Amino acid sequence: MTTPFHYEPGAATGPVPPPECPAHGLGVGPGGLRRFYGPEAERDPAGLYDKLRAEHGTVAPILLHGDVPAWLVLGHSENLHMTRTPSQFSRDSRRWRALQDGSVAPDHPLAPIFTWQPVCVFADGDTHERLRGAVTDSMARIDHRGVRRHINRFSNRLVNDFCQEGRVDLVSRFAEQLPMMVMCAILGMPEEYNDRMVQAARDMTRGTATAVASNAYVVAALSRLVQRRRTEPASDFATWLVEHPAGMTDTEVTEHLRLILIAAYEATANLIANVLRMVLTDPRFRARLSGGHMTVPEAVEQTLWDEPPFTAVFGRWAVGDTELGGQRIKEGDALIVGIAPANTDPVVRPDLTANMEGNRSHLAFSGGPHECPGQDIGRAIADVGVDALLMRLPDLELAVDESELQWIGNIMSRHLVELPADFAARPPQDDDEPPSTGRRDPERENWEVQSPVGHTPPATVRTPAPLPAPAGAGVQAAAPGGAGAVQGGGVQTETAPDDTAAGQSAAGRIPRQRRPAAPARLWRAVTRWWSGY
């Protein structure tokens with residue numbers, strides 16, 4: 001067992017490198033602790049995880065922005081224990097000792113992430129159950145098939161914008177746009193979707209100097225939505241939160257909408273970009289996908305293991321003195337859920353090249369009572385979006401060498417800057433008006449594939465025996481539209497002109513066939529259901 005932090009801001013007891021020392025460029029801070037921010041952490045996070053694991057084991061001391069100390073949990077089982085034991089590791093950031101002693105200022109670059117808000121992710125116990133219940137109940141009201149139709153429509157609309165150009169940056173023009181379009185529609189504010197909202201959502205989690213201003217822009221848009229839904233209810237997520245029996249205040253509703261919007265957007269944008277990068281850079285991955293040996297959902301699940309959209313979640317705060325992974329954790333210490341290092345923990349994944357399709361024991365969506373409630377929506381956006389893109393542009397090829405790809409990282413995520421791709425230019429396609437994301441149409445609740453003709457058995461009609469034909473008379477075939485033809489696209493039968501009763505009896509026993517034939521309609525219905533629309 002190692003000692004707790006021997007460094008506190010302003011009171012370093014270990015050797016501190018001078019400003020000109022090369023150690024500053026290696027991500028080493030006061031007390032010899034490694035920085036969980038800066039060039040090294042952004043350039044090679046996997047290498048940093050390996051160093052920390054080798055030096056400290058499954059729980060490592062690190063430094064956040066401003067050289068504020070915290071713990072990074074690297075082990076898979078240790079992360080599960082931490083996330084599943086709120087009695088020891090709380091989500092209430094007000095317990096953070098660095099906040100209580102003033103070491104962390106209100107304008108800290110990570111303030112939009114850790115500043116306490118009246119939302120379920122910062123609550124435990126009964127308060128968490130009340131607020132989380134409102135979120136999960138509202139999630140349950142989303143028409144997932146309707147959402148998939150929205151995703152398919154929005155995906156095709158985005159592809160239409162660049163399909164005639166022959167080259168596209170799949171990050172800025174697809175991966176970063178699609179999740180925001182879908183989430184704004186789900187929340188009930190499609191008019192707020194624009195480039196400014198996309199950039200603000202990206203910026204507020206990066207720990208930049210403009211993060212606070214970006215957060216204010218997003219909150220202002222959500223506040224307008226909540227005020228409007230108090231007087232003008234609609235079939236959207238904002239209305240469901242406003243009207244929920246939990247009795248959430250306007251501030252609570254606004255903050256939960258902010259949480260859902262940013263978490264879903266950041267995670268899904270990164271996930272789509274990561275899946276597309278694997279498709280364009282890994283020939284075996286693409287061959288299995290295009291050859292039918294891997295489905296898009298399986299490709300997404302493999303990516304959630306290898307490159308989770310959130311690499312870490314900040315944070316948990318120790319309720320009291322405890323121990324985790326051989327480290328002594330003091331009351332008020334901050335801990336970070338290490339999602340990416342947990343997914344590569346040698347104890348649970350000794351072979352990183354092993355196929356993980358279908359295995360959902362990863363921590364891409366965290367765990368315990370605070371596990372992401374909207375993970376199915378995120379998966380749907382990635383599944384349908386990637387599938388729609390590859391259906392429209394199956395010839396996508398990486399336009400640069402793989403070594404030229406660059407990432408931007410922060411303590412929570414790591415995402416591609418650009419993913420340029422070439423393809424054969426083609427004309428845009430029409431798209432249909434999207435359905436609502438709210439409740440299903442009652443007329444479609446009991447929808448089934450069947451004939452429009454009632455299935456009551458026809459009445460039995462005795463047909464008199466035909467009279468013998470006059471000598472020398474030939475057999476007369478019924479002409480189209482004649483007495484022997486069943487109108488309306490039905491089955492035609494051959495009857496003699498004087499066999500009217502017999503023809504009517506046959507028509508009464510044979511139900512009219514649908515337009516077009518039933519097998520074709522059935523196959524088209526199955527295809528539309530499979531595609532989500």
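Side chains included, hydrogens not; waters and symmetry mates left out as well; all remaining heavy atoms used. What you are looking at is a predicted structure, and each value in this text was computed from that prediction instead of being measured.
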- Cation over ring face, Arg94 and Trp116, 6.0 Å, 45°: yes

Looking at every non-hydrogen atom in both residues, tell me the closest pair between [X] and [Y] and how far apart they are.
| X | Y | value |
| --- | --- | --- |
| Gly66 | Tyr37 | N-OH, 4.0 Å |
| Arg132 | Cys372 | NH2-C, 4.4 Å |
| Ala234 | Trp240 | O-NE1, 4.4 Å |
| Ile113 | Phe314 | CG2-O, 3.7 Å |
| Pro179 | Ile272 | CG-CD1, 4.1 Å |
| Gly57 | Leu74 | O-CD1, 3.3 Å |

- Task: Begin with the C-alpha distance, continue with both residues' side-chain angles, and end with the deciding distance and a verdict on side-chain contact (heavy atoms from CB on, under 4.5 Å) for Gln302 and Arg288.
- Result: CA-CA 12 Å; Gln302 181 71 41; Arg288 296 182 62 221; over 6 Å; no

Using only heavy-atom distances, determine whether the side chains of [X] and [Y] contain a donor-acceptor pair under 3.5 Å.
| X | Y | answer |
| --- | --- | --- |
| His244 | Asp137 | yes |
| Gln199 | Asp195 | no |
| Tyr49 | Asp44 | no |
| Thr210 | Asp203 | yes |

Hey, what do you get for [atom1] ([X]) to [atom2] ([Y]), rounding to the nearest 0.5 Å?
| X | Y | atom1 | atom2 | result |
| --- | --- | --- | --- | --- |
| Glu266 | Met180 | CD | CE | 9.5 Å |
| Leu131 | Glu255 | CG | CD | 11.5 Å |
| Ile186 | Ile381 | CD1 | CD1 | 5.5 Å |

Is there a side-chain contact between [X] and [Y], using heavy atoms and a 4.5 Å cut-off?
| X | Y | result |
| --- | --- | --- |
| Asp92 | Phe122 | no |
| His128 | Pro369 | yes |
| Tyr265 | Arg202 | yes |
| His144 | Ile377 | yes |
| Leu389 | Leu178 | no |
| Ile339 | Phe365 | no |
| Tyr217 | Met204 | no |
| His370 | Thr83 | no |

Are the side chain of [X] and the backbone N or O of [Y] linked by a donor-acceptor pair below 3.5 Å?
| X | Y | answer |
| --- | --- | --- |
| Asp345 | His76 | yes |
| Asn215 | Ala211 | no |
| Thr85 | Met82 | no |
| Thr231 | Arg228 | yes |
| Asn343 | Leu304 | yes |
| Asn79 | Ala342 | no |
| His256 | Cys120 | yes |
| Arg379 | Pro297 | no |
| Arg53 | Pro341 | yes |
| Asp67 | Leu63 | no |

Within 6.0 Å of [atom1] in [X], more than 12 heavy atoms from elsewhere:
| X | atom1 | value |
| --- | --- | --- |
| Glu191 | CD | yes |
| Arg196 | CZ | yes |
| Asp126 | CG | no |

- What pairs with His108 under ring pair (Phe, Tyr, Trp, His ring centres under 6.0 Å), at least two apart in sequence or on another chain? Phe114

- Item | Residue that, paired with Val300, satisfies side-chain contact (heavy atoms from CB on, under 4.5 Å) out of Asp387, Asp383, Thr295 |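 Exactly one pass, corresponding to Asp383.
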
- Task: Check the pair Trp305 / Ser361 against side-chain contact (heavy atoms from CB on, under 4.5 Å), numbers first and verdict last.
- Result: CA-CA 9 Å; Trp305 273 101; Ser361 60; 3.3 Å; yes

- Message: Walk me through whether Asp236 and Met189 qualify under side-chain contact (heavy atoms from CB on, under 4.5 Å).
- Response: CA-CA 9 Å; Asp236 54 41; Met189 55 175 199; over 6 Å; no

- Step-by-step side-chain contact (heavy atoms from CB on, under 4.5 Å) determination, Met356 to His362: CA-CA 9 Å; Met356 304 301 288; His362 55 74; over 6 Å; no

- Run the salt-bridge test on Glu301 and Arg360 with the 4.0 Å N-O cut-off and return the result as yes or no. yes

- Query: Going through the checks in order, is the side chain to side chain donor-acceptor pair (under 3.5 Å) test met by Gln177 and Arg173?
  - Reply: CA-CA 6 Å; Gln177 301 295 328; Arg173 301 190 65 179; over 6 Å; no

